[in-house]
Amino acid sequence: MPSLDLALRAALARRQELLTELHGQATDCYRLFHGSQEGAAGLTIDRYGAQLLVQSFHQPLEQERLPHFAAYYEDALGLPLQLVYNDRSQGNSRIDRRDSVYQNPASALEDMTAREWGIHYRVRGRHPGQDPLLFLDLRNARGWVKTHSAGLSVLNLFAYTCGVGLCAAAGGAREVWNLDFAEGNLAVGRENAALNPDLAPMRFVQSDYFPAIRQLAGLPMARRHGHKLPSYPRLEPRRFDLVLLDPPAWAKSAFGTVDLLRDYQSLLKPALLCTAEGGTLICCNNLAKVELEDWRAQVLRCAEKLGRPVHDCQTLAPAADFPSQDAKPPLKTLILRL
């Protein structure tokens, strides 16, 4: 595929200044090729420390292409890399593990560590979930938290593997809570914390978002007639100086539905109530079909109606390794000062 080879070279050339900057920041996790915007839709190539993660989302790659990728980037970066290939072209992006081409060497699937902003993270080429253990397009937001969290109480909602919480702790936060429904995600978060023993301890709360955030916001629990709610941890109402809200696109539980397209307000309102006066709420929306200005207006209107007006609103774009030809990246991040 000569055209793909040219696209890979062009993408790497565009990143040279960024890679120099990232390496200087003790970061070795970044996107090397963002196919949807750089000439090969459905193909992504990421570096996570010593691991090269190649993923295809539309159709499988030809088997003979894989060694080429590894050799090209090993030469370009001047270091050995362990190649892991995940074909995610099946329904719901499920990883195909049947063909021998997907049976990576044991050395490539061993637990590894990688760094971002000088913080160490657990890296696994394969694990029970589908996605990598660190979403690279949120790097700038994690860096912002690291820079602005000194002395603050921080609430990391939909924490996943707790990267935002780690950055808050590294930035000198006096208290950090990581909230996520999945114990497996928080288990990796605890591993990440153990990889950074110099950081202050964090709190890990396993809970569905809705009962946890409503309790923290001092709101009554919504009850459905005739339905008994599952058990959930009891929490006292309180506010945090810095709150990060980064929900998935869609999820449903006995307590409610996460739907970024149709009902962002039900997620946003209690998060606003959990943010202290003079505090900061960082909110994210990763749906490509949602326009930034429409969503921004919706967020500001929701805050105004709730009596928590926004005094300053900044937009934080992903870094240059996630280019967007139309300047409309799927991940949108707003920093709201209340």
Side-chain angles (χ1 to χ4, degrees), residues 93 116 121-122 127-142 144-145 149 153-169 173 175-193 202-217 219 230 232-233 235 238-240 242-275 279-287 290 295 299 302 316 318 330-336:
S93 293
E116 183 190 83
Y121 290 91
R122 171 64 66 220
H127 57 92
Q130 300 297 308
D131 294 307
L133 298 180
L134 185 69
F135 288 113
L136 301 181
D137 56 351
L138 198 65
R139 182 195 313 119
N140 280 356
R142 287 188 291 266
W144 194 97
V145 168
S149 55
S153 59
V154 178
L155 176 60
N156 180 22
L157 300 167
F158 298 99
Y160 193 43
T161 56
C162 308
V164 168
L166 286 165
C167 282
E175 183 182 16
V176 179
W177 286 32
N178 297 291
L179 173 74
D180 199 272
F181 174 74
E183 174 55 35
N185 293 342
L186 294 178
V188 177
R190 292 187 181 93
E191 289 185 58
N192 287 335
M202 301 184 293
R203 181 169 178 177
F204 302 87
V205 181
Q206 181 190 3
S207 175
D208 186 282
Y209 175 76
F210 291 104
I213 199 69
R214 292 188 70 84
Q215 289 180 92
L216 291 172
L219 299 172
Y232 53 86
L235 302 170
R238 62 160 301 174
R239 288 183 170 184
F240 293 81
L242 175 59
V243 177
L244 186 128
L245 175 64
D246 182 22
W250 192 90
K252 188 173 184 178
S253 75
F255 297 98
T257 300
V258 174
D259 188 341
L260 300 197
L261 180 63
R262 299 173 184 84
D263 192 15
Y264 197 91
Q265 296 95 316
S266 66
L267 307 173
L268 179 64
K269 289 178 181 178
L272 284 163
L273 293 175
C274 287
T275 307
T280 300
L281 172 62
I282 304 174
C283 49
C284 304
N285 191 317
N286 58 30
L287 278 183
V290 172
W295 176 60
V299 167
C302 179
L316 186 65
L331 176 63
K332 295 160 284 290
T333 302
L334 297 177
I335 301 173
L336 312 177

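Below, each value reflects all heavy atoms present in this structure, side chains not excepted, and no hydrogens, waters or symmetry copies. Counting from 1, the numbers follow the sequence of the chain as shown.
Side chain to side chain, Asn185 and Thr161 fail the donor-acceptor criterion of an N or O pair below 3.5 Å.
Contacts classified as side-chain hydrogen bond (donor to acceptor under 3.5 Å, both in side chains) and involving residues 263-273 (residues at least two apart or in different chains) are given here: Asp263-Ser266. Residue pairs satisfying the salt bridge (Lys or Arg N to Asp or Glu O under 4.0 Å) criterion with at least one member in residues 245-259, sequence neighbours excluded, are listed as follows: Asp259-Arg262.
Close placement of the Tyr232 and Phe255 rings is indicated, their centers lying within 6.0 Å of each other.
Take Asn285 and apply the side-chain hydrogen bond (donor to acceptor under 3.5 Å, both in side chains) test, not counting sequence neighbours, and it matches no residue. Phe158 meets the ring-ring contact (aromatic ring centres under 6.0 Å, His included) test with Tyr209; sequence neighbours excluded. Residues meeting the side-chain hydrogen bond (donor to acceptor under 3.5 Å, both in side chains) test with Ser207, sequence neighbours left out: none. For Phe240, the ring-ring contact (aromatic ring centres under 6.0 Å, His included) partners are Trp177, not counting sequence neighbours.
Of all the heavy atoms in Gly163 and Tyr121, the pair that sits closest is O-OH, 3.5 Å. Closest non-hydrogen pair, Gln215 versus Leu235, comes out as OE1-N, 2.9 Å. Closest approach of Leu186 and Cys162 over heavy atoms only: CD2-SG, 3.9 Å.
Counting heavy atoms from C-beta outward, Thr333 and Trp144 have side chains that stay 4.5 Å or more apart. A 4.5 Å side-chain heavy-atom check between Thr280 and Ile282 finds at least one atom pair inside the cut-off. A heavy-atom distance below 4.5 Å is found between the side chains of Val145 and Leu242. Side-chain contact check for Leu336 versus Val299: some heavy-atom pair is nearer than 4.5 Å. Side-chain contact check for Cys283 versus Leu334: some heavy-atom pair is nearer than 4.5 Å. Side-chain contact check for Leu155 versus Leu216: some heavy-atom pair is nearer than 4.5 Å. Looking at Cys284 and Leu138, their side chains come closer than 4.5 Å, going by heavy atoms from C-beta outward. Cys274 places a side-chain heavy atom less than 4.5 Å from the side chain of Ile213.
Within the 3.5 Å criterion, the main-chain N or O of Pro233 finds no donor-acceptor partner in the side chain of Gln206. Without hydrogens or angle criteria, Lys332 side chain to Val290 main chain gives a donor-acceptor distance under 3.5 Å. In this structure, Thr275 contributes its side chain and Ala271 its backbone to a donor-acceptor pair below 3.5 Å. For Asn192 (side chain) and Arg122 (main-chain N/O), a donor-acceptor pair under 3.5 Å exists by modelled atom type. Judged purely by atom type and a 3.5 angstrom limit, Arg239 uses its side chain to pair as donor or acceptor with the backbone of Leu273.
Between the CG atom in Leu267 and the CG atom in Leu157 there is a gap of 9.5 Å [rounded to 0.5 Å].
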Side chain to side chain contact (heavy atoms under 4.5 Å, CB included), that's the test. Do Ser253 and Phe181 meet it? Break it down for me. CA-CA 10 Å; Ser253 75; Phe181 174 74; 5.8 Å; no
